[in-house]
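First comes the structure, then the notes that go with it.
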Protein chains: 2
Amino acid sequence: MSDAYYLRLTDHLRELLSGPEAFEEGRLPAERTLAERFRTTRVTLRQALAQLEGEGLIHRSNRRGWFVSPARLDYDPTRDAGFNDYVRAQGRRPRTEVLHTDTRPHRPAAEALGLPVDCSFHHIRRRRFVDDRAVLAESLWVVPARAPDLLQGDFAANSLWGELRSRWGLTLAHRSLRLYSEALAEREAAELGVAPGTAGLSVRRAIFDAQRRPVEYDEEHWLHDALCITVELENKA
Amino acid sequence: MSDAYYLRLTDHLRELLSGPEAFEEGRLPAERTLAERFRTTRVTLRQALAQLEGEGLIHRSNRRGWFVSPARLDYDPTRDAGFNDYVRAQGRRPRTEVLHTDTRPHRPAAEALGLPVDCSFHHIRRRRFVDDRAVLAESLWVVPARAPDLLQGDFAANSLWGELRSRWGLTLAHRSLRLYSEALAEREAAELGVAPGTAGLSVRRAIFDAQRRPVEYDEEHWLHDALCITVELENKA
DNA sequence: CAGTGGTCTAGACCACCCA
DNA sequence: GGGTGGTCTAGACCACTGT
C-alpha cells in the first residue's frame, strides 16, 4: 500500500539510508531542509522520521539533530561476560561512567531478592557508552553481606561479576530475568541525552549464589535501537 | 520538569487511567472530545496519547479508538510450554487462528538452521489472541524430515512442541534466541489490526534436537505492550 | 547569535467502522 | 450516514546547542 505520503517518504528515506554514503558523517540534514526538499511540512516529515526511529534506523540526540543509527549490539543477559568484553569483541568501543553510589534500602530490589523491604544494599548507578553514544543507564543493588567493601572497587573499569567472583568467591548460580519494552522516564532520558518517552528496553535481573542466597539485583534501561538480545540454551524442559 | 503541556496532559491521563473505573469498558473518549475537554488541539492531545501508548498503558485498534491496555502477559520463550497453557495459567483466554500453511524453501530459516538455502520447510503462519485481542503474528518453519506429515495435524488447538515430542519423539535440546524491538511491518500490522509502524517485539528461535540436527525456526511478532519476557536460569558460565 | 529540534495552533479532508 | 481516527497544511514561538 504505502498510500500515505509520510509512508512513501519513509520508504524513500530508507533507501537513501541504505545507499552508499547516503548522509555524510551519519548525520541527516535539518528537518526544515528535508521538509522543503520533499515539498511537505515539518509535521509530516517528522512522522516519517518517527517511523524510521521506530525501526531503529535513525535516532536523535537532544536538540542536535537526527543521526544514522549504528548496528545493534548483540547482548546475552544470561551470561556473566562484562560489558567491556563483549562490546570490544564486536569491534566497538565501550565506556562507562559511574553517576552515583550509596548504601540504602531499596524496595524493588528487596522484593525481587526476597529480602525484608528495609534491608540496605550497595547501590551503583552508571551510564554506559558504545562508540561514544550513551546507550544504557543502569542501577545495581548488591547485598552487602555478599560483598562488604564493594564500593571501594573500581566498578567502571572492571566487570562487577568478575569482582564478585575473584574478590568474594561468589558463584552466580540462579538468575531470574524480566524484560520488556518501555518508554524511557525523564531520569533515564536525561542520562542518555534523549527526549523523555523515547522507546527503551528494560532488563531486570535477580541473582542468587550456589547456596541460593540473594546476591544482586539490577535494572538496565537500554535505548531500544541499540541492542539485540541473544540467548543460547542447552537442554531444558 | 514536565513543562510541556502534552507531558502534563500525559501525567493527568495516567492518573485517570490508574484511578478506579476511570473509563468505562476500557475505552477512552474520542480524541476530539478529549482535546476539547483539555482545551488543546488534537495534535497535542495525540502526542500525549502516543506517550501513554509507548508506556504500554493504552493502545488503539484500527480506526476504532483508544483502549486501556490489559496487564502484560508473562512469557518464557526458553520453555516449551504451549501458548494455550501459559495464557490460561495466567487467567486469560487464548485463541489461535491459522492463516496459512505451505511447504517451500525459506532463506532466513535455512540460514538460521545452517541448511542449504534451497531446502523446503513446512511453514505455518498463525495469529494468536489473548482475551480476544490479537497480540502475536508468527511463522514457523519445520524441517520436513523431522516431522513429515506435520501439516495434517491440528496446530491451532495443540502445542506444536507437544506434537513434535509425542508424534515424532523429538527432544528439543539446543536453542538459539534473538530478540529485539521493531516497528511492525505492513503485513504484521494488518494481521494484528494496528497501524503500520506500531511498536513491536520480535522473537526469533532456531531449535535443534539432542543429536544437534536442525528441527525448527520461528519468528514471532508481538505487540510491544502485550508481554513481559521472563527467563529462569540455573547454573551457567 | 544563528540554527536546530521541541512544541503548539486552528483548521481541513479522507478512509474506515458501525449502527 | 455519522462518528472515529489517520493524515496533512502553513504557519508560530520557545529552548537549547554550538560557535
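Chain identifiers are assigned alphabetically (A, B, ...) following the order of the sequence lines, protein sequences preceding nucleic acid strands; residue numbering begins at 1 within each chain.
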- line: Rounding to the nearest 10°, end axes of the helix from dC1(C)-dG18(D) to dC18(C)-dG1(D) built from five pairs each make an angle of 20°
message: Within the supplied structure, the quantity of interest is the number of heavy atoms (other residues, nucleotides, ligands) at a distance under 6.0 Å from Q90(B) CD; does it exceed 12?
response: yes
- prompt: Between the side chain of H100(A) and the main-chain N/O of H123(A), is any donor-acceptor distance below 3.5 Å?
  reply: no
- request: Write down the distance between CG (L34(B)) and P (dG3(D)), rounded to a whole number of angstrom.
  value: 17 Å
- request: Round to a whole Å and report the spacing from CD of E36(A) to C1' of dG11(D).
  value: 15 Å
- request: Figure out the CZ/P separation between R39(A) and dC8(D), and round it to whole Å.
  value: 17 Å
- prompt: So, H12(A) versus F38(A), ring centres under 6.0 angstrom or not?
  reply: yes
task: Determine: side-chain N/O of T40(B) to OP1/OP2 of dT9(C), distance under 4.0 Å, yes or no.
output: yes
- prompt: Below 4.5 Å, heavy atoms only, C-beta onward: do W222(A) and Y75(A) meet side chain to side chain?
  reply: yes
Can you name the atoms? Protein N/O to nucleotides 3-7 of chain C N/O, anything below 3.5 Å, with the distance.
{"residue": "dG5(C)", "atom": "OP1", "partner": "E31(A)", "partner atom": "N", "Å": "3.4"}
{"residue": "dG5(C)", "atom": "OP2", "partner": "E31(A)", "partner atom": "N", "Å": "2.8"}
{"residue": "dG5(C)", "atom": "N7", "partner": "R32(A)", "partner atom": "NH1", "Å": "2.8"}
{"residue": "dG5(C)", "atom": "O6", "partner": "R32(A)", "partner atom": "NH2", "Å": "3.0"}
{"residue": "dG5(C)", "atom": "N2", "partner": "R63(A)", "partner atom": "NH1", "Å": "2.8"}
{"residue": "dG6(C)", "atom": "OP2", "partner": "R46(A)", "partner atom": "NH1", "Å": "2.7"}
{"residue": "dG6(C)", "atom": "OP2", "partner": "R46(A)", "partner atom": "NH2", "Å": "3.4"}
{"residue": "dG6(C)", "atom": "OP2", "partner": "R60(A)", "partner atom": "NH1", "Å": "3.1"}
{"residue": "dG6(C)", "atom": "O4'", "partner": "R63(A)", "partner atom": "NH1", "Å": "3.0"}
{"residue": "dG6(C)", "atom": "N7", "partner": "R42(A)", "partner atom": "NH2", "Å": "2.9"}
{"residue": "dG6(C)", "atom": "O6", "partner": "R42(A)", "partner atom": "NH1", "Å": "3.1"}
{"residue": "dT7(C)", "atom": "OP1", "partner": "Y6(B)", "partner atom": "OH", "Å": "3.0"}
{"residue": "dT7(C)", "atom": "OP2", "partner": "Y6(B)", "partner atom": "OH", "Å": "3.4"}

statement: Between A206(A) and L113(A), the two heavy atoms sitting closest are CB-CD2, 4.0 Å
field: From CG (L227(B)) to CG (L136(B)), nearest 0.5 Å
entry: 9.0 Å
Identify each donor-acceptor pair in which a side-chain atom of residues 189-204 of chain B lies under 3.5 Å from a protein atom, sequence neighbours left out, and give them as a table.
{"residue": "E191(B)", "atom": "OE1", "partner": "R125(B)", "partner atom": "NE", "Å": "3.3"}
{"residue": "E191(B)", "atom": "OE1", "partner": "R125(B)", "partner atom": "NH2", "Å": "2.7"}
{"residue": "E191(B)", "atom": "OE2", "partner": "R125(B)", "partner atom": "NE", "Å": "3.3"}
{"residue": "E191(B)", "atom": "OE2", "partner": "R187(B)", "partner atom": "NE", "Å": "3.4"}
{"residue": "T198(B)", "atom": "OG1", "partner": "A195(B)", "partner atom": "O", "Å": "2.5"}
{"residue": "S202(B)", "atom": "OG", "partner": "R204(B)", "partner atom": "NE", "Å": "3.3"}
{"residue": "R204(B)", "atom": "NE", "partner": "Y180(B)", "partner atom": "OH", "Å": "3.3"}
{"residue": "R204(B)", "atom": "NH1", "partner": "E219(B)", "partner atom": "OE2", "Å": "3.3"}
{"residue": "R204(B)", "atom": "NH2", "partner": "Y180(B)", "partner atom": "OH", "Å": "3.1"}

- request: Write down the atom of W141(B), the atom of H106(B), and the distance for their closest heavy-atom approach.
  value: CZ2-NE2, 3.2 Å
